[in-house]
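Each remark here refers to the structure printed beneath this line.
Keep in mind the model is a prediction, meaning the values are calculated, not measured.
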Amino acid sequence: MAETTSHDVVCPFCGIGCDDVTLTVDGAAVTAAEGTCGRAAQLFARSGAPAPSARIAGRDVSFEEAVAEAAKRLGASKTIAYAGLGTDVDGVRAVLKLAAKTGGSVDHYASEGMFRNLASSQRKGWVATTFAEVRNRCDLFVVVGPDPSKAYHRVYERVLPATGRFVEGPRRVVFLGGAPTEDAKSQLEGLSVEIIATPEGGLVDALSQLSALVAGSVPPAAGPEIKALAEALKAARYGVLAWSAASLDDDGDLVIERAVSVVDALNVTTRAACLPLSGKDNLTGAYHATLWNVGFPLRVGFRDGVSDHDQTAYATANAVKEADLVVWTSAFRPELPPASAAAVIALSHPDTVFDTEPAVFIPVGQPGLDHQGLAFRADSVVGLPLRRYRDAGLKSVADVVTLISEARA
């Protein structure tokens, strides 16, 4: 195949949904243009070497043999954990259909942070915003906890340009309990950036004080920086509190709950919102697809034709302890399955190097490179259409799972 260059390629990895990547494809080799986010450039890159063969216990086999062995193991298994789930929406739907047929639990490997967010919204509700609303309206952006750009690399570039459609005057960015990375500083150049330090383990107290201040109380422990931030939030036309749940410490649930309380109190007299960040490897799409198809979110279980939801029992870390078979899907990156005593069927990125060779390994294509697909942005409101840019002979997760299901019939 002749070398081709494609512009405005959608990046599906971290959930920000950047759509300005330039890829050059030469046969099976792929390179991203200079200036592409480092993580995206690394994950898009392909050497052009042939895709690895399917394997059974480390032995190269035909694709058909691997599919037959996977179907056989599914038929013989008593407790199955469908994990990873790093695939496009069609791949998620195929996994759900297979799980409903065989029984077992289903969870996305990156769902821990998302469930921290959901725990707060389930208890209290919240006012959440979108990337577009932040970009167009936010005049005061408060980063709660560690800098989310460590995981969402271009978040400030995408949501906080120097000017916004409905923003008057300069935007202001405050880091509460964290500090911007060097990369974040370059993205925020030209904006007013402040850092409010909190003692170790003190972020919950700082947010509690902030919540009381914006609600009209004056807690005696509140320092001048927190008091000034409260006044700034009350004076802002559209304040936003943002965080990455996965990066928070063990008290993350309380941090999120207190941040939501600040936003609730602000909305009595002005306008404010939360921007909870989670969603790498189409986590948000997996969450939506599970709701559409089952009526429950992720961490759903199937048994005897009945489904139920249990955030603890069906979490990957717990489900694999009870399983005799783990079906692991990771098409976006060479993510490893969790360590367990269970046998593993791995529908995985072709570059995956396993610590322990799985019982069955079938290399799969990446959505948005090897096949078309749909993924969801981290703010839930935008579905990202993913295109195909090369032919490396790799099938999609949806196709592979469907063939396994048919072989098991």
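For the ring pair (Phe, Tyr, Trp, His ring centres under 6.0 Å) test, no residue two or more places apart in sequence or in another chain qualifies with Tyr152. Not a single ring pair (Phe, Tyr, Trp, His ring centres under 6.0 Å) links Phe141 to another residue, sequence neighbours left out. Qualifying side chain to side chain contact (heavy atoms under 4.5 Å, CB included) partners for Ala232, counting only residues two or more places apart in sequence or in other chains: Leu140, Arg172. Residues passing the side chain to side chain contact (heavy atoms under 4.5 Å, CB included) test with Ala286 are Leu85, Val92, His108, Leu298, sequence neighbours excluded.
Arg137 forms a cation-pi arrangement with Phe166, by the criterion of a distance under 6.0 Å to the ring centre and an angle within 45° of the ring axis. By the 6.0 Å and 45° rule, Lys395 stacks over the aromatic ring of Phe63.
Contact annotation: the side chain of Val9 never approaches that of Thr22 to less than 4.5 Å [non-hydrogen atoms, C-beta and beyond]. Between Thr329 and Ser348 there is no side-chain heavy-atom pair separated by less than 4.5 Å. By the 4.5 Å heavy-atom criterion applied to side chains, Ser380 and Tyr287 are not counted as neighbours. Residues Pro297 and His309 have side chains in contact (heavy-atom distance under 4.5 Å, counting atoms from C-beta outward). Residues Val10 and Val21 fail the side-chain proximity criterion, which asks for heavy atoms closer than 4.5 Å. Inter-residue side-chain proximity for Phe175 and Val193 is flagged as met; some heavy-atom pair is nearer than 4.5 Å. The shortest side-chain heavy-atom distance between Arg303 and Val306 does not fall under the 4.5 Å cut-off. Here the side chains of Leu254 and Leu203 are not in contact, with every heavy-atom distance at 4.5 Å or above.
Listed for the Asn267 side chain is a donor-acceptor partner under 3.5 Å among the backbone atoms of Ala272. In this structure, the side chain of Gln187 engages the main chain of Tyr156 through a donor-acceptor pair within 3.5 Å. Judged by distance alone, with hydrogens and angles left aside, the side-chain atoms of Asp8 form no donor-acceptor pair with the main-chain N or O of Asp20 at under 3.5 Å. A donor-acceptor pair under 3.5 Å links the side-chain atoms of Thr270 to the main chain of Ala236, judged by distance alone. The main-chain N or O of Thr87 is found under 3.5 Å from a side-chain atom of Asn282 such that the two form a donor-acceptor pair. No donor-acceptor distance shorter than 3.5 angstrom exists from the side chain of Arg135 to the backbone of Arg165, with no hydrogens or angles considered. Between the side chain of Arg377 and the main chain of Gly15, no donor-acceptor pair closer than 3.5 Å is present.
Using a 3.5 Å distance cut-off with no hydrogens or angles, the side chains of Thr181 and Asp183 do not pair a donor with an acceptor. Residues Arg46 and Gln366 bring a donor and an acceptor atom of their side chains to less than 3.5 Å of each other. In this structure, a donor-acceptor pair under 3.5 Å is absent between the side chains of Asn136 and Tyr238. Side chains of Glu65 and Ser62: a donor on one and an acceptor on the other come within 3.5 Å. A side-chain donor from one of Ser208 and Arg258 sits under 3.5 Å from a side-chain acceptor of the other. There is a side-chain donor-acceptor pair under 3.5 Å between Ser405 and Lys101. Side-chain contact check for Tyr82 and Thr102: at least one donor-acceptor pair (N or O, by modelled atom type) lies under 3.5 Å. Under the 3.5 Å distance criterion, with hydrogens and angles disregarded, a donor-acceptor pair is assigned to the side chains of Ser77 and Asp324. With 3.5 Å as the limit, one finds a donor-acceptor pair spanning the side chains of Ser111 and Arg299.
Closest approach of Pro338 and Trp328 over heavy atoms only: CD-CZ3, 3.5 Å. Shortest non-hydrogen contact noted between Cys274 and Trp126 is SG-CB, 4.4 Å.
The number of heavy atoms from other shown groups lying within 6.0 Å of NZ (Lys97) does not exceed 12. Heavy atoms from other residues, nucleotides or ligands lying under 6.0 Å from CZ of Arg158 number more than 12.
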Next item on the list: Please test Asn117 against Trp243 for side-chain hydrogen bond (donor to acceptor under 3.5 Å, both in side chains), starting from the C-alpha separation and ending with a verdict.
Entry: CA-CA 10 Å; Asn117 287 330; Trp243 61 85; 2.8 Å; yes
Note to self: Set out, in order, the CA-CA distance, both residues' side-chain angles and the distance that settles side-chain contact (heavy atoms from CB on, under 4.5 Å) for Leu374 and Asp90, then state yes or no.
What the structure shows: CA-CA 7 Å; Leu374 179 70; Asp90 281 347; over 6 Å; no
Note to self: Could you go through Leu384 and Asp19, starting from their C-alpha distance and side-chain angles, then the distance that decides it, and tell me whether this counts as side-chain contact (heavy atoms from CB on, under 4.5 Å)?
What the structure shows: CA-CA 9 Å; Leu384 305 170; Asp19 56 359; over 6 Å; no
Next item on the list: Determine, step by step, whether Asp281 and Tyr109 satisfy the side-chain hydrogen bond (donor to acceptor under 3.5 Å, both in side chains) criterion, reporting the C-alpha distance in whole Å, the side-chain angles of both residues, the deciding distance to 0.1 Å, and the verdict.
Entry: CA-CA 9 Å; Asp281 290 359; Tyr109 82 98; 2.7 Å; yes
Checklist line | Steps toward salt bridge (Lys or Arg N to Asp or Glu O under 4.0 Å) verdict (Glu69, Arg73) | finding: CA-CA 6 Å; Glu69 178 67 14; Arg73 285 183 172 272; 3.1 Å; yes
Next item on the list: For Thr316 and Asp107, run side-chain hydrogen bond (donor to acceptor under 3.5 Å, both in side chains): C-alpha distance rounded to whole Å, both residues' side-chain angles, the deciding distance at 0.1 Å, then the answer.
Entry: CA-CA 6 Å; Thr316 298; Asp107 186 27; 2.9 Å; yes
Next item on the list: Please step through side-chain contact (heavy atoms from CB on, under 4.5 Å) for the pair Val143 and Val174, ending with a clear verdict.
Entry: CA-CA 6 Å; Val143 180; Val174 177; over 6 Å; no
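Taking 4.0 Å as the cut-off between side-chain N and carboxylate O, Arg93 and Asp88 do not count as a salt-bridged pair. Looking at Asp370 and Arg388, no side-chain N of the basic residue comes within less than 4.0 Å of a carboxylate O on the acidic one, giving no salt bridge.
Put simply, CD1 on Ile16 and CG on Leu277 are 5.5 Å apart, with the number rounded to the nearest 0.5 Å. Put simply, CD on Glu257 and CG on Asp251 are 12.0 Å apart, with the number rounded to the nearest 0.5 Å. Going from atom CD1 of Ile345 over to atom CG of Leu325 covers 4.5 Å, rounded to the nearest 0.5 Å. Taken to the nearest 0.5 Å, the OG atom of Ser261 stands 12.0 Å off from the CD1 atom of Ile256. We find the CD-CG distance between Glu225 and Leu176 to be 9.5 Å, quoted to the nearest 0.5 Å. Rounding to the nearest 0.5 Å places NE2 of His288 at 6.0 Å from OG1 of Thr284.
Counting only residues at least two apart or on different chains, the ring pair (Phe, Tyr, Trp, His ring centres under 6.0 Å) pairs with a member in residues 330-373 are Phe354-Phe361.
Relative orientation of the Trp292 and Phe376 rings is perpendicular, given thresholds of 30° and 60° on the angle between their planes.
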Only pairs under 3.5 Å count here: list side-chain donor-acceptor contacts from residues 32-42, not counting sequence neighbours, and write none if there are none.
residue	atom	partner	partner atom	Å
Thr36	OG1	Ala33	O	2.7

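Of the residues listed (Ile80, Val360, Val95), the one engaging Val327 in a side-chain contact (heavy atoms from CB on, under 4.5 Å) is Ile80, and it is the only one.
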